[in-house]
Amino acid sequence: MAERKDRMALLSRYAKLYAQRYEARPKHNINKEQWAADGLIESYSLPGCYDLLDYYFEASPSPSWGYFANYAEKILQAKEQVEEDKRERAERRKMAKEWLNG
């Protein structure tokens, strides 16, 4: 079980990102949602959750805590696919440049 301060830190990070986007505080019960945060931290670690939350707010047109908490694995898979695609494209550009110059 993650420590309470870690659970609250994750929820606070979500609230900060939400407030930046919508200029309003989220309307979820943090005492209830801390248990979802606990599961996320146990699965992905606190720094991993921070990275995933940052990616989610960049990628999603309308981020919500409920979706993030329930579908973190799908979000992580999408993030990994995007990173893999970036690596493959960089490699292909490098190979094309070598081919054209060679």
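Atom CD of Glu23 has 12 or fewer neighbouring heavy atoms from other residues, nucleotides or ligands inside a 6.0 Å radius. Environment of CZ in Arg87: crowded, with over 12 heavy atoms of neighbouring residues, nucleotides or ligands closer than 6.0 Å. More than 12 heavy atoms of other residues, nucleotides or ligands shown are found within 6.0 angstrom of CE on Met1.
Note that CG of Leu53 is 13.0 Å distant from OH of Tyr18, once rounded to the nearest 0.5 Å. Interatomic distance, Asp54 CG to Lys79 NZ, rounded to the nearest 0.5 Å: 8.5 Å. Separation of atoms CG (Leu52) and CD1 (Ile75) is listed at 5.5 Å; rounding is to 0.5 Å. For the atom pair CE of Met95 and CZ of Arg92, the computed distance is 8.5 Å after rounding to the nearest 0.5 Å. To the nearest 0.5 Å, the span separating CE on Met8 from CD on Glu33 amounts to 10.5 Å. In this structure, Lys5 NZ and Leu10 CG are separated by 13.5 Å, a value rounded to the nearest 0.5 Å.
Shown here for Arg21 and Pro63, the closest heavy-atom pair between the two residues is NH1-CD, 2.8 Å. Across every non-hydrogen atom of Leu11 and Ala37, the tightest pair is CG-CB, 4.3 Å. Shown here for Cys49 and Leu40, the closest heavy-atom pair between the two residues is SG-O, 3.4 Å.
Lys97 places a side-chain heavy atom less than 4.5 Å from the side chain of Asn101. Side-chain contact between Ile41 and Glu3 is absent, with no heavy atoms from C-beta onward closer than 4.5 Å.
Ring geometry, Tyr56 versus Tyr67: the interplanar angle falls under 30°, so the pair is classed parallel (tilted spans 30 to 60°).
Under the 4.5 Å side-chain heavy-atom criterion for grouping Ile, Leu, Val, Met, Phe, Trp and Tyr, Ile30 is not connected to Trp35 through any hydrophobic cluster. Under the 4.5 Å side-chain contact rule for hydrophobic residues, Leu76 and Tyr71 share a cluster.
Proximity of a side-chain donor or acceptor of Asp85 to a complementary backbone N or O of Gln81 within less than 3.5 Å is not detected.
Within the cation-pi definition used here (under 6.0 Å to the ring centroid, within 45° of the axis), Arg13 qualifies as a partner of Tyr50.
A ring-ring contact (aromatic ring centres under 6.0 Å, His included) with Phe57 holds for exactly one of Tyr14, Trp65, Phe68, Tyr22; it is Tyr14.
Side-chain contact, Tyr55 with Glu83: no donor N or O sits under 3.5 Å from an acceptor N or O.
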